[in-house]
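Lettering follows sequence order; numbering is per chain, from 1.
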Amino acid sequence: MSRRDPKYTGSPWEHFAQWRRGEYDPSAGRLETRPPETERRADREAALLRSYVRADRRDEYTLGLAKRIGGFNRIYRALAVVLALFLTVLLLVTVSYLPAFGDISAPENNEVAQRYIEKGLEETGAVNIVAGMILDYRAFDTFGESCVLFVAMCCVLLLLRVDKEADPHSQAVEDMSDRFFEPHHNTILQMAARILTPLSVIFGIYVVLNGHISPGGGFSGGAIIGTGLILYLTAFGFARTGAFMTERLIKTLTVSALTFYCFAKSYSFYTGANHLPSFITPGVPGAILSAGLIVYLNVCVGIVVACTMYTFYTMFRKGGF
Amino acid sequence: MGGSIFTNYEEITAVVLFVIGLMDLLMQSNLVKKIIGLDIMDCAVYLFLAAKGYIAGRAAPIYVDGILDASHYINPIPAGLVLTGIVVSVSVSALLMALTICLYREYHTLDLDEIMILLRRRETEEVRRLTRESGEGGGK
């Protein structure tokens with residue numbers, strides 16, 4: 001044994017080394033480290049379930065299959081590493097032939113981008129060039145995006161929705177697990193939610209309505225509003241949010257927003273393509289009600305995104321509104 | 001090798017992130033980690049697109065001080081593409097998570113290898129049951 005420096009004994013470094021080896025617990029005797037009863041019960045149940053599953057798998061057939069899958073896994077992993085190295089080298093060689101970062105003469109800086117920038121304000125009235133691009137020139141692309149979100153929401157509803165009438169047992173199980181694992185009447189969370197929910201919802205509305213004159217827009221603002229609603233739900237539970245965020249309201253809002261988007265933009269594209277007179281004008285750049293349809297379309301997208309975020313959260317947490 | 005490997009740090013980072021995400025997707029057997037790998041790959045693509053839209057010394061594409069000249073702003077098109085990508089990635093992640101929850105409810109595990117074992121055993125049991133039933137039917 002090498003001699004220890006006398007300064008080392010009892011120093012924080014020694015305690016740290018002991019803590020790393022598991023010999024010393026700084027909170028022993030000072031803090032209550034035992035988990036609460038509910039957590040311990042959940043742990044016991046999970047361990048019991050795991051032991052059932054493990055015992056279930058301990059027959060010879062399964063072990064043989066596991067061995068075979070293990071052998072396949074080794075070859076698979078070796079091939080994956082080879083693929084990773086090959087892909088890295090290939091992509092790095094490709095990157096080395098690309099134009100330099102920030103180069104003005106790169107091929108993507110062509111007349112399309114120039115046209116959007118030079119004519120954008122005159123034709124769309126939007127100060128934010130990206131908003132003018134995605135909600136005016138390429139509005140059907142954004143309509144497709146909103147529909148992708150809507151379809152994803154429908155798929156999650158199909159997969160995770162718990163039908164109360166058809167299956168009262170699983171609904172009861174979901175309700176119980178929700179009450180079991182989520183904190184209730186958490187004062188810190190409720191205070192924070194009381195302050196932050198109105199702020200984040202108002203900020204989200206601001207971001208949505210200013211999407212055409214500043215950075216932001218329907219997608220980011222909708223996500224902020226959805227976050228505020230989720231915070232409120234986490235703090236106060238389903239009884240409070242269920243009073244206003246019902247399935248019917250979400251369905252009505254989402255479908256009417258998408259329908260309005262579709263008809264408004266069809267009208268604008270039809271009149272624009274046929275050089276017909278239209279009552280949609282770019283307006284005064286920088287004003288809140290300018291830029292033609294862009295502000296209304298931003299509101300539609302914001303509604304769809306906020307409802308989708310909220311629905312994702314409720315479905316993943318409990319399987320119902 | 002081309003000349004710009006020492007100037008394109010952003011693109012190199014995007015390549016490294018992409019390969020990390022792909023390896024996560026291929027090597028992990030946990031389904032949630034696979035979804036995280038897919039999201040890392042998405043982020044690599046956004047970084048690449050955003051880096052390609054940048055032009056040295058220019059401002060973000062929002063009109064300031066009434067300047068309408070194209071030589072004052074960066075390329076706005078990659079920003080629109082990244083927006084599309086983020087929305088699709090969120091939708092795909094949510095759908096994959098929902099499917100993962102369904103698999104967990106069925107098999108009580110998130111490990112893909114264990115799910116494969118349980119699935120094959122269930123299949124062989126089904127085949128055995130069917131052959132037994134058909135054998136009994138033929139005996140009568």
Contact winner vs chain B - Leu149(A), Leu98(A), Val148(A), heavy-atom pairs under 4.5 Å:
Leu98(A)

Answer key: most heavy-atom pairs under 4.5 Å with chain B among Pro99(A), Ser96(A), Ala152(A), Ala100(A) is Ser96(A)

Can you name the nearest heavy-atom pair linking Val130(A) to Gly80(B), along with the distance?
CG1-N, 4.3 Å

Give me the atom names and distance for the closest heavy-atom approach of Ala223(A) to Val305(A).
N-CG1, 3.6 Å

Is the closest side-chain heavy-atom distance between Met309(A) and Val90(B) below 4.5 Å?
yes

Salt bridge (Lys or Arg N to Asp or Glu O under 4.0 Å) between Arg129(B) and Glu125(B), worked out:
CA-CA 6 Å; Arg129(B) 195 177 59 79; Glu125(B) 273 168 10; over 6 Å; no

With only heavy atoms counted, which part of Ile134(A) is less than 4.5 Å from chain B, the side chain, the backbone, both or neither?
side chain

Quick check on Glu10(B) against chain A: is it the side chain, the backbone, both or neither that has a heavy atom closer than 4.5 Å?
side chain

Between Val304(A) and Thr308(A), which heavy-atom pair has the shortest distance, and what is it?
O-OG1, 2.5 Å

Once you measure the plane-to-plane angle for Tyr137(A) and Tyr116(A), does it fall in the parallel (<30°), tilted (30-60°) or perpendicular (>60°) bin?
tilted

Where does Arg138(A) contact chain B at under 4.5 Å (heavy atoms): side chain, backbone, both or neither?
side chain

Could you tell me which portion of Met315(A) (side chain, backbone, both or neither) has an atom closer than 4.5 angstrom to a non-hydrogen atom of chain B?
neither

Could you check whether any side-chain N or O of Asn298(A) sits under 3.5 Å from a backbone N or O of Gly218(A), counting only pairs where one atom can act as donor and the other as acceptor?
yes

Side chain, backbone, both or neither: which part of Tyr9(B) has a heavy atom under 4.5 Å from chain A?
neither

Please state whether the side chain, the backbone, both or neither of Ile55(B) comes within less than 4.5 Å of a heavy atom of chain A.
both

With a 4.5 angstrom heavy-atom cut-off, which part of Ile77(B) approaches chain A: side chain, backbone, both or neither?
both

Checking Asn128(A) side chain against Ser214(A) main chain: does a donor-acceptor pair fall under 3.5 Å?
yes

For Leu99(B), is it the side chain, the backbone, both or neither that has a heavy atom under 4.5 Å from a heavy atom of chain A?
both

On a heavy-atom basis, the closest approach of Ala50(B) and Val82(B) is N-CG2, 4.3 Å

Which one wins on heavy-atom pair count under 4.5 Å against chain A: Gly53(B), Pro78(B), Pro76(B), Ala79(B)?
Pro76(B)

OH of Tyr206(A): more than 12 outside heavy atoms within 6.0 angstrom?
no

Please determine, among Asn75(B), Ile101(B), Val88(B), the option with the most heavy-atom pairs under 4.5 Å with chain A.
Asn75(B)

Of the backbone (N, CA, C, O) and the side chain (C-beta and beyond), which part of Ile74(B) lies under 4.5 Å from a heavy atom of chain A, both, or neither?
backbone

Heavy-atom pair of closest approach, residues Val208(A) and Gly302(A):
CG2-CA, 4.5 Å

A quick test of your reading: do over 12 heavy atoms of other residues, nucleotides or ligands sit less than 6.0 Å from CZ of Phe140(A)?
yes

Non-hydrogen contacts under 4.5 angstrom with chain A: give the residues of residues 26-48 of chain B involved, or none if there are none.
Leu26(B), Met27(B), Phe48(B)

Nearest non-hydrogen partners of Ala94(B) and Val156(A), listed with the distance:
O-CG2, 3.9 Å

Checked Ala98(B), Ala56(B), Ala51(B) vs chain A; the most non-hydrogen pairs under 4.5 Å come from Ala98(B)

